[in-house]
Every structure is written in structure tokens, then in C-alpha cells.
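In what follows, a structure is listed as C-alpha cells, so that the remarks can point back to it.
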Amino acid sequence: MTTAENLAGPASVGSPEPETGRSPAATTPPREKTFWSQLASAFAMFRNPKSLTGLVILGAFVAVALLGDFLAPYGALEKDFTALRQAPSWTHLLGTTHMGEDILSQIIYGTRGVLIVGFLAGIIGTAIAVVMGVVAGYTRGWRSESLSAVTNVFLVIPGLPLIIIVASQFENPPLILIAAVLAATGWAWGARVLRAQTMSLRNRDFIQAARANGEPLHRIILVEMLPNLMAIIASSFVGTVTAAVLGLTTLAFIGVIPITNLNWGTILFWAQQNGAFPDFWWWYVPAGLCIAILGVALSLINFGIDEYVNPRLRSAGERARAMKKKGLDVNATMTVVRTVETPARRQAGNTK
Amino acid sequence: MKIPVRFIASRSAFYLFTAWAAITINFFLPRMMAGDPVTAYMQRNAGQISPEAERSLRILFGLDQNSSVWEQYTGYWQLLFSGDLGRSFSNGLAPVGDIISSALPWTLGLVGIATIVSFVLGTATGALIGWRRGSRADVIVPISTFFSTVPYFWLGLIAIAVFSSTLGWFPASHAYDKGSSPVFTADFIGQVIAHGALPAITIVIASLGGWILGMRNMMLTVLDEDYITVAQAKGLPNRRVLWHYAARNAMLPQLSSFALSIGFIVGGTIVMEMVFSYPGIGKLLLDATNAKDYPLMQGVFLIITMAVLCANVLADVAYAILDPRTRQTEA
């Protein structure tokens with residue numbers, strides 16, 4: 001397995017310029033390639049400040065979900081009828097509901113529901129997107145056309161109304177079903193982007209070479225192509241998770257999915273049902289903020305991946321800032337003439 | 001201009017296929033459900049409906065158990081073509097078509113205006129931020145992203161809590177004051193604007209982020225192109241380079257995501273109309289879901305899907321007019 005991988009693609013993991021000549025690499029490896037260095041290069045798209053910030057915030061939420069039993073001061077549904085609708089205090093850090101339930105504990109336990117459904121939907125949706133996108137991109141003719149037609153149909157059909165209708169059919173839908181429905185309506189965008197990228201990879205030299213070598217199809221796709229698609233797959237996963245988190249909390253808030261599945265949306269559902277707006281801010285502000293912070297964290301991860309895939313997004317700003325430091329303006333039409341003093345340049349910029 | 005026959009044909013084929021798929025999904029939805037709608041309706045109105053009436057109801061709803069699924073399917077198409085969407089259980093057996101057509105203008109008016117405002121505002125802001133790359137204006141991107149990741153219903157509820165309940169600037173719900181009826185008078189139009197302002201503003205705030213980000217990223221890519229350098233080298237004023245050279249080209253992907261986002265906008269409408277009790281199509285769907293009113297659910301879903309499809313057709317036409325490459329490469 002390892003020798004085969006060394007021979008084949010992953011030298012090009014994630015790098016913008018895929019390494020095409022593979023045979024010299026086998027005889028005189030330019031650099032010792034260990035399992036760990038390959039693993040590290042597979043995650044290169046996360047190695048920038050934006051992605052790392054997002055991952056740290058996401059990690060904090062995951063930790064809260066895992067350690068919920070230790071962190072939560074009370075049970076999620078533990079009622080204390082002596083403390084109804086209390087503002088935040090030292091005994092109840094985020095106050096209580098109309099039934100005397102501790103809101104901080106509800107948020108901590110609700111993290112689980114949100115993350116489990118979000119990640120399940122992300123995994124299912126990304127799996128569908130990868131299969132549909134890569135196959136549609138690699139094959140030609142009617143196979144490619146029909147798969148892309150199916151993708152486009154799912155892209156056009158409005159997701160939320162469909163989810164509401166489907167979810168309302170079940171008295172008590174299990175988590176996996178909710179995740180599957182969210183994934184079924186959320187995979188199409190990723191599949192479309194993956195198809196486009198696969199189509200452009202299909203004609204690159206190293207793929208042609210692999211095909212000429214007689215490598216089987218599954219090997220070309222799994223070993224040669226997938227490593228080069230990792231950044232897009234990761235971004236599609238993050239995008240699906242974001243959409244699923246918003247979808248789940250929205251569904252819970254609308255009351256389509258049962259309140260037995262505790263998540264942040266459920267807290268807001270209870271808050272609205274029991275007249276928390278506008279006076280009992282501690283009941284509805286924290287849960288909504290949690291959704292927003294999680295959403296921002298996921299968007300940050302994706303910003304980082306975007307900048308990795310399209311380096312211009314980052315370099316354009318950096319270049320402009322560097323020029324500004326030198327007293328130049330990126331948009332000034334006469335930037336080349338450095339010796340001209342600022343007023344003169346400004347004049348040049350203003351003249352028609 | 002040569003008419004790109006092949007391009008038009010392939011797009012039409014796609015839309016016909018999508019419409020067929022949507023209508024077929026729509027047909028099977030109530031048939032996949034646990035328990036059939038008529039039995040549910042009978043249970044709720046126990047004793048008021050005779051067995052003969054039940055039989056006629058079943059035929060009326062196209063749920064006759066004596067006919068095969070294929071017969072029901074073809075019958076469904078016939079009804080659709082004659083413009084018959086069935087009758088609503090929860091509204092005293094009123095025709096679904098009438099109920100939808102009374103709700104549709106509210107949604108179209110409010111969400112349509114809000115979406116266009118958001119698109120224009122977001123695209124223009126994105127173009128400016130892209131142009132002034134590396135400046136302090138970059139801060140707008142994370143801020144607007146924050147507002148687009150905030151769940152819409154939460155934003156709406158907080159807006160009501162602050163601007164309506166506390167400050168009393170806007171009415172909190174409904175499309176017009178209680179007791180007045182839709183007539184074309186200045187007073188009524190004023191009411192509609194007052195009631196629509198808060199929902200419209202929240203929709204714009206929530207959807208602005210996506211447009212800004214998309215346009216900014218595209219601008220950064222376009223500004224590196226040679227023709228921008230040439231335009232500047234020719235000594236064209238910055239304003240002309242920005243709007244006529246860079247933004248015009250950067251806007252194309254925005255148009256296609258505009259078409260795609262319409263589906264999401266419809267989703268947002270449902271939540272908006274729930275939060276603001278706005279009498280539009282989204283609230284109709286929610287009410288129908290809660291009442292297990294399957295014909296109405298079917299009808300609303302069909303209308304929403306068709307609206308999205310129409311918007312996509314329009315966006316496609318606009319795209320083909322603006323970008324000659326699509327007409328050429330597709331052929």
C-alpha cells in the first residue's frame with residue numbers, strides 16, 4: 001500500500017501544480033515522505049489563520065458536546081419550580097425557563113443534537129456529492145449528462161419546503177432520518193463544483209499518464225484524483241454542515257421535528273411558545289448566538305479553504321496593503337512612476 | 001444576433017425534465033405518507049360525513065383505491081393541465097388554486113422587492129470592496145457574513161422585540177392593520193409599507209452577506225485580468241474601469257447564483273412569514289402542514305417549485321444575453 005502510494009499520485013496532494021513525472025520520484029525521492037508528512041499535506045488547506053480560528057471554535061463546541069455531562073450544572077430537563085423565568089445569576093448562569101430549567105445546561109446538551117445532525121448530514125451529503133460529482137465529471141456522454149441533470153434538479157427544487165413536508169410525515173423522526181433529509185437537499189452544490197473540477201483534472205497529464213499505464217478506473221479516481229479534490233470536498237462538507245445546522249435549528253423552531261430531540265432550535269421554540277420575547281432575553285439570545293458563532297466558525301474554515309484554492313483572494317489584499325505602505329494606491333493609474341510626489345499622483349488619478 | 005438553437009433546446013429540455021421531476025415528486029408525496037389524508041379528515045370530522053361522502057371525497061382527491069397508481073398519475077396530470085389543484089381540507093373544501101392565488105401576491109411583492117434590493121446593494125458593495133482591496137472596507141465582509149449565518153427566525157424575532165415591541169417603530173405582524181381590507185387607497189398602501197418594512201429589512205440584512213462575498217471574490221479575480229490593466233493604461237477614469245470593465249464581468253457568476261439562491265429565498269420566506277405572521281405562501285405551507293392538509297401542501301409546493309423554475313429560466317435568458325460565451329460553448 002505505502003509503496004504504491006509513493007509511486008502514484010499523492011505527491012501532488014493539494015498542491016496547485018500537480019507533479020506529473022512519477023518515475024523519477026520512485027528512484028530518487030526528493031524528500032523523505034512519511035505517513036505523517038502525507039497526512040499533513042492532505043490538510044494543507046486548513047493551514048491558514050482563518051481556517052485555524054474556525055477549527056478552534058468548532059473544536060470548542062465539539063468539546064462541549066463530548067463533555068456535556070461534566071460541564072452541565074443541571075440536567076437538561078431538570079425542573080426547579082422555585083426558580084421560574086429567573087434572570088442570570090450565580091446559581092443559574094444563563095437564567096431559567098418558565099419551568100425552572102437551567103438554560104445553560106440546555107444549551108450544553110443541545111450542542112450534541114446540533115453537532116450530531118450537522119456532521120451526519122455533512123458526511124452523507126458529501127458522500128453523495130463526491131460519488132455524483134466525480135463520476136459525472138470523469139465519465140462522458142449520457143452518463144455524465146444524466147448525473148448532472150439529476151444534480152441540477154436537486155439544485156433547483158426548493159429544499160426547506162420539501163424537508164418540512166417530508167419531516168411532517170413522521171411522528172417521531174430519528175436523528176439519522178433528519179440528517180439524511182437535510183443531506184438529500186444539500187449535496188447538489190458540492191456535486192456541481194466537484195464535477196467541474198473533475199472535468200478539468202481529467203485532461204491533465206498525470207491522469208492521462210495513469211490511464212496510459214493501464215491503471216484501473218477505481219484506482220485513477222481514488223488515488224490520482226481524490227487527493228487533488230480534497231480542498232473542494234472539504235469545502236463542500238463544511239458548506240453542507242453549515243446548511244444542515246441552520247436547517248435543523250429552523251425545523252426545530254418551526255416545530256416540525258419533535259421537541260424530544262434537544263437542540264438550540266428547540267430552546268428557541270420553547271422560548272417563543274412561552275412568550276420569552278422580548279423580555280426574557282437570557283432565554284433566546286444565547287441559543288441564537290451559539291448558532292451564529294458556529295456558523296461563523298464554519299464560514300471561516302471555508303474562507304480559508306477558498307483562499308487556499310484561489311490564492312488571489314488573499315494575495316490581492318496583501319499586495320494592496322503592501323503598496324499602501326509604500327504610499328501607492330492599487331487603483332491609481334500611474335503607480336509605476338514612483339518618483340512623482342503624492343499630490344501630483346493624486347492629480348493624475350483625478351484627471352479624466 | 002444568431003439564435004443559438006442548440007443552447008435553447010438543451011436548456012428547455014433541462015427545465016422540462018426538472019418540471020416533470022418536481023411534479024412527480026409532488027404526486028408521490030401524499031401517497032408515501034403514513035395513513036391517507038381522507039381517513040385523517042374523516043377522523044377529525046367523525047360522524048359528520050357519511051360513507052357515500054367519503055367515497056366521493058376520495059375520488060375528488062384522486063385517492064380512489066380502486067384505480068391503479070398509473071391511472072391516478074395520469075389523472076393527476078389531466079387535472080393539472082385543466083388548472084385544478086384539488087380542494088383544501090382545512091379551508092372548508094375551497095379550491096386550492098384560489099387559496100394560493102390570494103396568498104401569492106403578498107409573498108411575491110415583499111420577497112421579490114427585498115431580494116432585488118439585497119442583490120443590487122450586495123453586488124454594488126461587493127464591487128466597491130473588491131476595488132478597494134486591502135482597505136478598511138474589508139471589515140464589511142466578516143460582519144455581513146455573521147448576519148447571514150445568524151438563523152433568520154432569530155434575527156426576525158429580535159428585530160420584532162427591539163423595533164416593534166420596545167421602540168414601537170413598526171407593527172409586529174400581518175400585512176396590514178386589522179379590520180381593513182385590501183383596497184387601493186393611499187391609507188391602505190401606507191399600511192402595507194409599514195407592515196412590510198421590518199420583514200423586508202431583515203431579509204435584506206440576512207441575505208446581503210452572500211452577495212457581498214461572492215461579488216468581492218469575483219472582483220479580486222477579475223481585477224487581475226489584462227484588460228483591466230489595459231483599460232487603466234488607456235487612462236480611463238477609475239469609475240469607468242470599476243463599473244464598466246470590472247464589475248460588469250464579475251457580475252456574471254452573481255447572476256447564476258441569483259437563480260440558484262431563489263430556492264433558498266423561498267425557504268427563508270417560510271420562516272419569515274411564520275415569524276411575522278405574514279399572509280403569504282410560506283405561512284400557507286406551514287398551516288397546511290400543521291393541519292395535515294395534503295392537497296394544499298401539494299399545491300403550495302408545486303407553485304413554489306414552478307416559481308423557482310421560472311426565475312431560473314429568466315436568469316438563464318439574462319445570462320445568455322449578457323455572456324456570449326455561454327451561447328457558444330454550449331453548442
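Each chain gets a letter, A, B and so on, in the order its sequence line appears, and its residues count up from 1.
A/F303 touches chain B through its side chain: at least one heavy atom from C-beta onward sits under 4.5 Å away, while N, CA, C and O do not. Neither the backbone nor the side chain of A/L298 comes within less than 4.5 Å of any heavy atom in chain B. Only the side chain of B/R216 comes within less than 4.5 Å of a heavy atom of chain A; its backbone N, CA, C and O stay farther away. Contacts of A/T250 with chain B are made by both backbone and side-chain atoms, with heavy-atom separations under 4.5 Å. Within the 4.5 angstrom heavy-atom criterion, no atom of B/I160 approaches chain A. Contact annotation for B/F146: both backbone and side-chain heavy atoms come within less than 4.5 Å of a heavy atom of chain A.
Between A/I291 and B/W154 the shortest side-chain heavy-atom distance does not fall below 4.5 Å. Between A/F253 and B/M274 the shortest side-chain heavy-atom distance falls below 4.5 Å.
Rounding to the nearest 0.5 angstrom, the gap separating the OG1 atom in B/T149 from the CG atom in A/L246 is 7.5 Å. Expressed to the nearest 0.5 Å, how far CG of A/N310 lies from CG of B/L220 amounts to 8.5 Å. Residue A/L155 holds its CG atom at 10.0 Å from OG1 of B/T18, rounded to the nearest 0.5 Å.
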Exercise for review: In sequence, state the C-alpha distance, the side-chain angles, and the governing distance for B/F153 and A/I254, and then conclude on side chain to side chain contact (heavy atoms under 4.5 Å, CB included).
Suggested key: CA-CA 9 Å; B/F153 60 86; A/I254 293 174; over 6 Å; no
Practice item. Go through the steps to decide whether B/L157 and A/Y284 satisfy the test side chain to side chain contact (heavy atoms under 4.5 Å, CB included), and finish with yes or no. Key: CA-CA 9 Å; B/L157 287 170; A/Y284 60 85; over 6 Å; no
